[in-house]
Number of protein chains: 2
Amino acid sequence: MGPTIADVARVAGVSRSTVSYALSGKRSISGETRQRIFDAIRDLGFTANAGARALATRRTMVLGLLMQFEPDEFAPAMLQYVMAVTETARRKGYDILLVTDHDGPAALRRITDSGMVDGVVLLDVLHDDPRLPVLREAHRPAATVGLPADTEGLDVYDLDFGAAARQIVDHLRDLGHPEIVLITPPRPVFSRGGAYSWRFRDAAVEQAARRGVRLTAHYGEADPSRIPATVGAVLDAHPQATALIVHNDATAAMLPAVLGARGVAVPGDLSVISLYSADFARTFSLPYTFVESAPGLLGRSAVEALVHRLDHPGGPDRPVTRLVAPHLIDRGSTR
Amino acid sequence: MGPTIADVARVAGVSRSTVSYALSGKRSISGETRQRIFDAIRDLGFTANAGARALATRRTMVLGLLMQFEPDEFAPAMLQYVMAVTETARRKGYDILLVTDHDGPAALRRITDSGMVDGVVLLDVLHDDPRLPVLREAHRPAATVGLPADTEGLDVYDLDFGAAARQIVDHLRDLGHPEIVLITPPRPVFSRGGAYSWRFRDAAVEQAARRGVRLTAHYGEADPSRIPATVGAVLDAHPQATALIVHNDATAAMLPAVLGARGVAVPGDLSVISLYSADFARTFSLPYTFVESAPGLLGRSAVEALVHRLDHPGGPDRPVTRLVAPHLIDRGSTR
DNA sequence: CTGAAAGCGCTTACAG
DNA sequence: CTGAAAGCGCTTACAG
């Protein structure tokens with residue numbers, strides 16, 4: 001379609017290799033030649049063909065972003081990861097191939113075997129994620145958001161859900177709450193292997209026991225229309241509970257409406273504390289004290305690790321698993 | 001990295017061209033040869049290199065998806081378009097390059113001039129969108145979701161916001177409402193050139209005048225935390241109003257909480273009707289009568305039109321502008 | 001400082 | 001029904 005490097009070479013009166021080197025800066029070009037080349041590039045409106053470059057360099061400068069949309073996940077929260085990944089990638093000179101195929105392993109094999117991407121970022125990684133075996137065969141650098149059971153060869157980033165749970169339980173205990181109710185992610189998230197669900201819950205249960213606090217965990221609803229009834233039933237079942245921990249975006253988003261309808265005042269009647277991102281809180285005007293889930297940081301870190309690995313092939317850096325320390329934002333909804 | 005077509009040819013004992021033809025099916029291969037080729041492909045785990053294929057065929061089988069994240073837009077609604085586009089593309093054999101650069105025109109030029117994509121889908125198209133001139137120079141097929149002022153050369157899909165407004169006004173008038181309040185998208189959406197905002201509002205105002213109904217339009221809030229106060233102020237300013245039209249996702253999402261807090265019963269005290277997708281309503285458990293905004297249909301249609309054009313280059317089909325007729329779902333929140 | 005040439009891994013006229 | 005060869009548009013040793 002457009003002009004090729006040969007056109008530029010001809011107009012500038014140099015060889016194609018000289019144009020290529022001028023473009024890459026991989027060897028020095030005399031000032032005057034350089035000038036003629038860039039003039040020609042500008043005049044012709046030349047842009048190097050990505051496919052040809054990829055074929056020659058074996059680098060596409062494209063990253064695969066694999067996400068899955070589970071019906072029991074709350075879509076609004078996902079976009080924050082996507083945005084963080086995309087923007088970081090661009091800043092590092094990479095584009096993003098977005099893959100949402102239902103068959104994640106097959107999709108991964110496809111984009112990787114065909115050389116469409118230099119590396120991949122996996123979102124929504126499960127404890128025993130079926131994409132990981134494929135990834136290991138593919139011999140491509142990869143970073144994940146989410147902690148799998150086997151982190152071998154991966155750069156892994158996730159929130160430290162255990163620490164988050166302990167911090168939240170301690171926070172409530174220090175305020176003197178004797179009985180706490182926890183709403184966890186929906187049951188399908190547990191059975192599917194969404195490890196963050198039990199990492200948080202189990203740590204909360206343990207910490208509560210250690211601190212001598214009564215804590216009961218209940219599954220949140222996957223079906224939004226049932227959230228009000230379920231929250232109501234949970235609160236009814238624990239009339240003595242003075243604090244509620246919400247580890248479920250869908251429930252958190254509806255909580256003001258649900259508690260408002262029940263006439264429950266926060267923190268007067270009930271202390272509420274949750275786990276989500278500041279951006280999420282802003283989008284839904286959630287007034288609760290929360291632990292930041294840090295999608296921006298996690299997405300950005302994953303991409304930066306991946307890019308670093310791509311830009312330093314065979315480098316000395318061991319794959320890293322980083323669990324981000326929780327950060328509690330006190331909005332005054334507990335006391 | 002992996003095996004190439006030459007490896008397959010050697011193992012199968014045929015020429016590279018025969019392997020290529022076996023793969024593409026563009027000429028007939030004897031049964032036995034075919035068998036040997038596919039055995040070799042399977043044994044070697046061969047997948048054709050996408051870059052090399054793109055270079056030879058001048059088709060990448062990748063579509064660019066350009067979206068912009070404006071801070072005054074409600075992120076949760078965007079994902080539905082992305083999913084529809086991505087899934088439709090895959091079903092048609094295309095992958096998606098997701099581009100979210102702040103500088104849309106530059107990003108478009110980049111992916112298009114470098115031949116990274118065969119065509120593009122533009123989301124959030126403005127009335128006078130700065131990406132369109134770039135697109136026209138690029139000579140690539142493109143489809144949009146959103147109606148620009150100049151549709152020349154584009155396949156354009158959008159909801160018929162004018163018809164939607166008229167249908168909603170008529171619906172309320174038929175129920176006997178003499179005074180209606182409309183909450184529009186935030187003011188920045190208008191000034192930026194988000195044409196759907198005024199297409200809906202102006203049609204609503206006109207239709208109300210035509211029908212002898214009093215209708216007042218107010219800007220919705222871009223800042224979620226101010227939505228409750230703004231909705232309250234709007235209702236206070238129109239104590240006689242018996243019906244509320246909401247054309248703003250952020251406001252709609254918070255409406256149950258806001259109206260609940262004010263003690264406003266729907267439809268007892270106030271009839272409420274809105275404009276969003278069924279999926280959106282489900283995510284936020286919104287119980288209101290609404291006109292379907294059809295993100296799935298629009299995203300899918302745009303991709304299908306684009307793919308059709310790519311698969312039939314130089315075809316006879318004129319570019320099409322399709323405004324999808326509104327469909328009202330009665331959930332009983334008006335009377 | 002610069003160029004001629006090989007090579008990246010495919011596809012597709014051209015020939016038989 | 002099949003193969004040898006040119007070509008897609010780059011990059012990069014190799015040579016000077």
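Order of the sequence lines fixes the chain letters, A, B, ..., with proteins taken first and strands second; residue numbering starts at 1 for each chain. Just so it is clear, the structure is predicted and the values come from calculations on it, not from any experiment.
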Look at the side chain of A:A56 and decide which nucleotide, out of D:dA6, C:dT2, D:dT11, has an atom nearest to it.
D:dT11
Select base, sugar-phosphate, or nothing to describe what A:S30 touches, counting heavy atoms under 4.0 Å on all strands.
sugar-phosphate
Under a plain distance cut-off of 3.5 Å, with no hydrogens placed, do A:T33 and A:S30 share a side-chain donor-acceptor pair?
yes
A:F46 side chain reached by A:D7 side chain, heavy atoms, under 4.5 Å
no
Between C1' on D:dG3 and OH on B:Y21, what's the gap in Å once rounded to a whole number?
10 Å
Candidates C:dA15, D:dA13, D:dC10 - which lies nearest the side chain of A:A48:
D:dC10
Measure the distance from CZ on B:R27 to P on C:dC14 and round it to the nearest whole Å.
14 Å
What is the separation between atom CZ on B:F46 and atom C1' on C:dC10, rounded to the nearest whole Å?
8 Å
With a non-hydrogen cut-off below 4.0 angstrom, is B:T57 in contact with a base, only sugar-phosphate, or nothing?
sugar-phosphate
Check whether the side chains of B:H312 and B:D317 place a donor and an acceptor atom closer than 3.5 Å, and report yes or no.
no
Would you mind telling me which of D:dT2, D:dG3, D:dC10 lies closest to the side-chain atoms of A:A52?
D:dC10
Kindly point out which of C:dT2, D:dC10, C:dA15 is positioned nearest to the side chain of A:R16?
D:dC10
Nearest listed nucleotide, side chain of A:T33, among D:dT12, C:dT2, C:dC14:
C:dT2
Does C:dG16 have a Watson-Crick or wobble mate here (both distances under 3.5 Å), and if so which one?
D:dC1
Of D:dT11, C:dG3, D:dA4, the nucleotide closest to the side chain of A:R53 is D:dT11
B:Y157 versus B:R300, side-chain donor and acceptor atoms under 3.5 Å:
no
Grab the CD1-C1' distance between A:I37 and C:dC1 for me, whole Å please.
11 Å
As a test of reading the structure: which of D:dT11, C:dC10, D:dG3 is closest to the side chain of B:V14, going by heavy atoms?
D:dG3
Mind checking if B:T4 touches a base, just sugar-phosphate, or nothing, with heavy atoms under 4.0 Å?
sugar-phosphate
So A:S24, base contact, sugar-phosphate only, or nothing? Heavy-atom distance under 4.0 Å.
nothing
Does a side-chain N or O from A:S17 land closer than 4.0 Å to OP1 or OP2 of C:dG3, or not?
no
Whole-Å distance separating the CZ atom of A:R59 from the P atom of D:dT12
11 Å
A:I29, nearest nucleotide to its side chain (from C:dC10, C:dT2, D:dA4)
C:dT2
Between B:L55 (CG) and C:dG7 (P), how many Å, whole number?
17 Å
Can you give me the closest heavy-atom contact between A:V145 and A:L298, atom names plus distance?
CG2-O, 3.9 Å
Heavy atoms from C-beta onward define the side chain here; which of D:dT11, D:dC8, D:dT2 lies closest to that of B:R58?
D:dC8
How many whole angstroms separate atom CD of A:E32 from atom C1' of C:dC1?
12 Å
